Protein chains: 2
Amino acid sequence: MAVTIRDVARASGVHISTVSRTFSAPHLVNPETRSRVLATAEQLGYRPNRAARALITGRTHNIGLIVADIANPFFPPLIKAAETHARRRDYHVFVADTDEDPIVESDLVQALAKQVDGILLCSPRMSDDQIEQLRREVPLVVVNRLITGLPAVVMDVGQGAREAVRHLLGLGHRHLVYLAGPRGSWTNREIRRAAGATARTAGADLTVLGPNQPVEQAGAAAAEAVLATGATAVLAYNDLMAIGLLQALQDRGVDVPGQVSIVGIDDIAYSGLVRPRLTTVANPTAAAGRTAVDMLLQQGDDGATGQVTLRTDLIIRNSTGPGPYAPAVAIAAEVAAHVKE
Amino acid sequence: MAVTIRDVARASGVHISTVSRTFSAPHLVNPETRSRVLATAEQLGYRPNRAARALITGRTHNIGLIVADIANPFFPPLIKAAETHARRRDYHVFVADTDEDPIVESDLVQALAKQVDGILLCSPRMSDDQIEQLRREVPLVVVNRLITGLPAVVMDVGQGAREAVRHLLGLGHRHLVYLAGPRGSWTNREIRRAAGATARTAGADLTVLGPNQPVEQAGAAAAEAVLATGATAVLAYNDLMAIGLLQALQDRGVDVPGQVSIVGIDDIAYSGLVRPRLTTVANPTAAAGRTAVDMLLQQGDDGATGQVTLRTDLIIRNSTGPGPYAPAVAIAAEVAAHVKE
DNA sequence: CTCCATTCGGCAAACGTTTGCAACAGCTTA
DNA sequence: TAAGCTGTTGCAAACGTTTGCCGAATGGAG
């Protein structure tokens, strides 16, 4: 049915190995022969069979991309960038979704292992041990998690959290809440640690509420708890939760940022669409996707296991405002910053 | 390196064909032998090589899923449902993104054709002819487009548009705008036709603005044009554009729904997060993804090319309100509907 | 005790490539 | 002129499965 290398060989009067070389090692075949073969191949509509090629070379030219939840708007830009970048290098991408479940995650890696050349594990919820285990079965690049000895690309969310907390402290807030993310998230631990340390150093309080599922319902559900702490500023694990909280507070008649300031993380597309626009920490997700693909594809060559950290940026919008201890100077400065933006 | 069927055969003292049958035709092998083989396979960590299997059976157990833009929140739920459903049937899913470009779309189908058993083409931007052409190279199921002779699953967006327009007419609006979507979109044509017909029948005006890229920037950019028409109600191609328009109007001091009512389409997760919450037409995207996968996988058996239409639902929230011609009765009824919701 | 049917398992040929090896031609170099 | 090199091509063995065919073993019926 399908046209194979053999048909092309017959039609152009050469041996199949010459046709094969025309595609996989062009410099080994006479330019004249090559163009003749290419012409007949084109005419016959020949496409190399990747399964057959994979069988003998051991390389599938596929990569797996595993994320916690495709519907979480944090991931699509990463997926998109990774897929486009991979395609440019003649690789195709399997995308799979674990529903935030570490078990599904592990199963998925195992199932994919044999039919891909490597896997991008994004924001895994498994334990470090499990991941190191899987690393032995298939090349892995981990995104948003640092495990010694494993290639990784992380966004420096600790730095972002520090900046965010400093911003809030500068505005005169002295009692903060960290609305935590899911158990098992490295990012969550990083934020918590960085935010906690920064607040403590400045002599401010930081109450941690969580863990929570990283969805807006969880943010909304936390509204009462946040108010009960008496805190005047909240840093949320991600924008989804921040937005959920924001709306829930507004629905209760709490003014944001008048009474409570909110900072999110991720800068998903919708963080600029809510009112007030969300102050948040922007993550370079697209760059992370591309970098991860590159690292995975290079991994075969040497055994180098780099760990790349991408910087993050605090984006000050309108969900943060002066707190109860704001000196006039700080307020003026922050107001100026707002105006500029 | 990897453990093959041959290793399992040797270790369990049977021929490789017996091992093969243990996995692909268990009823042909003695239960006792079978369990012995399974045990050693398990112990050795054997995983069948799908490339080899694909080579001989001609079925890759992969399917392709092509969407216009992964970052458009309309798609992730569909992708997620399709992927989960396919995995349950032992299929893996290649996801690819065309960036709303018909050329990329066609290239992508061709590239994927040989390494998948079929392709789900979601909201294609190609011409019908092109799609029919590709249909000859690879089994296809088209989502959100109706082409005679091609298996398809569509969401009945025409019905949704009719309901939406009737809702607006009932509120006393007599001059509407349809904020159109991208050229090449079947959905766009359907909405336009249905909305136009419904408005015309009721003796109301419907001005079409577009085509537009289906993103919120386009919605925002259309704010002036919408106001210039003097219309009091807008139906947008999708929620993204509706939200963009909503925010742009609010930024200009226009009250929604006081001065202008807005209806979106899709019911993406964020349409309930903006204020006012968006009235919109909900699409059963997850069901569409599952149905499409089923149709694709059944396609091999018979040649039946069904066309499934899934119903849509108008969800009345707070972005629509009484128009200038609203009879008191109608207003009361609609207000009651609001309250109930 | 023979015959037949049934169940089970082995044999080997495929599937469409890649690739090490060898063959050959036409050169250059000594 | 012989030896050696280079560039181009053919040959055939692999890669890990599936599957049609055949023979062996088993058990029941006559």
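Worth saying up front: this structure is predicted, and the values here are computed from it rather than measured. Each chain gets a letter, A, B and so on, in the order its sequence line appears, and its residues count up from 1.
Residue contacts for B:R47: at a heavy-atom cut-off of 4.0 Å it reaches the sugar-phosphate backbone alone, with no base atom in range. As judged by a 4.0 angstrom heavy-atom cut-off over every strand, A:T57 is placed among residues touching the sugar-phosphate backbone only.
At least one side-chain nitrogen or oxygen of B:S20 sits closer than 4.0 Å to the OP1 or OP2 atom of D:dT18. Of the side-chain N and O atoms in B:T33, one or more sit less than 4.0 angstrom from OP1 or OP2 of C:dG9. For C:dG9, the OP1/OP2 oxygens have no side-chain nitrogen or oxygen of B:H15 closer than 4.0 Å.
Set against C:dT17, D:dT17, C:dC8, the side chain of B:P31 has C:dC8 as its closest nucleotide. The nucleotide whose nearest atom lies closest to any side-chain atom of B:L55 is, among C:dG10, C:dT18, D:dG16, D:dG16. Proximity note for B:I5 (side chain, C-beta onward) versus D:dT17, C:dT18, D:dT8: the nearest is D:dT17. Comparing D:dT17, C:dT18, C:dG16 by their nearest atom to the side chain of B:R6 picks out D:dT17. You'll find that the side chain of B:V14 is closest to C:dG10, out of C:dG10, C:dT17, C:dC8. Among the nucleotides C:dC8, C:dT18, D:dG10, the one closest to any side-chain atom of B:N30 is C:dC8. Residue B:N49 has its side chain nearest to D:dG16 when only D:dG16, D:dA14, C:dC8 are considered. If you check C:dT19, D:dT17, D:dT8 against the side chain of B:Y46, the one that comes closest is D:dT17. The listed nucleotides are C:dT17, D:dT9, D:dT18; the one nearest the side chain of A:T18 is D:dT9.
Toward the 5' end of DNA chain C, the nearer of the two residues B:I56 and B:L28, judged by each one's closest nucleotide, is B:L28. Annotation: of the two residues near DNA chain D, A:I16 and A:V29, the 5′-most nearest-nucleotide partner is A:V29. Comparing B:A52 and B:G13, the nucleotide of DNA chain C nearest to each residue sits closer to the 5' end for B:G13.
Between the CZ atom of A:R10 and the P atom of D:dG10 there is a distance of 14 Å, rounded to whole Å. For the pair B:R34 CZ and C:dT7 P, the interatomic distance rounds to 14 Å; values are reported in whole Å.
Look at B:E83 and B:R87 and you find a salt bridge, because one of the NZ, NE, NH1 or NH2 atoms lies within 4.0 Å of a carboxylate O, short of that distance.
Nearest heavy-atom pair across B:A96 and B:L108 is CB-CD2, 3.5 Å.
A:R47 places no side-chain N or O within donor-acceptor distance of the main-chain N or O of A:G45, the cut-off being under 3.5 Å.
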side-chain hydrogen bond (donor to acceptor under 3.5 Å, both in side chains) between B:H61 and B:D117, intermediate numbers included: CA-CA 6 Å; B:H61 266 245; B:D117 296 340; 5.5 Å; no
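With hydrogens and angles left out, the side chain of B:R21 and the base of C:dG10 share a donor-acceptor pair within 3.5 Å. Side chain B:R50 to base D:dG16: no donor-acceptor pair is found below 3.5 Å.
Considering CG of A:D128 and CH2 of A:W186, their distance stands at 11.0 Å, rounded to 0.5 Å.
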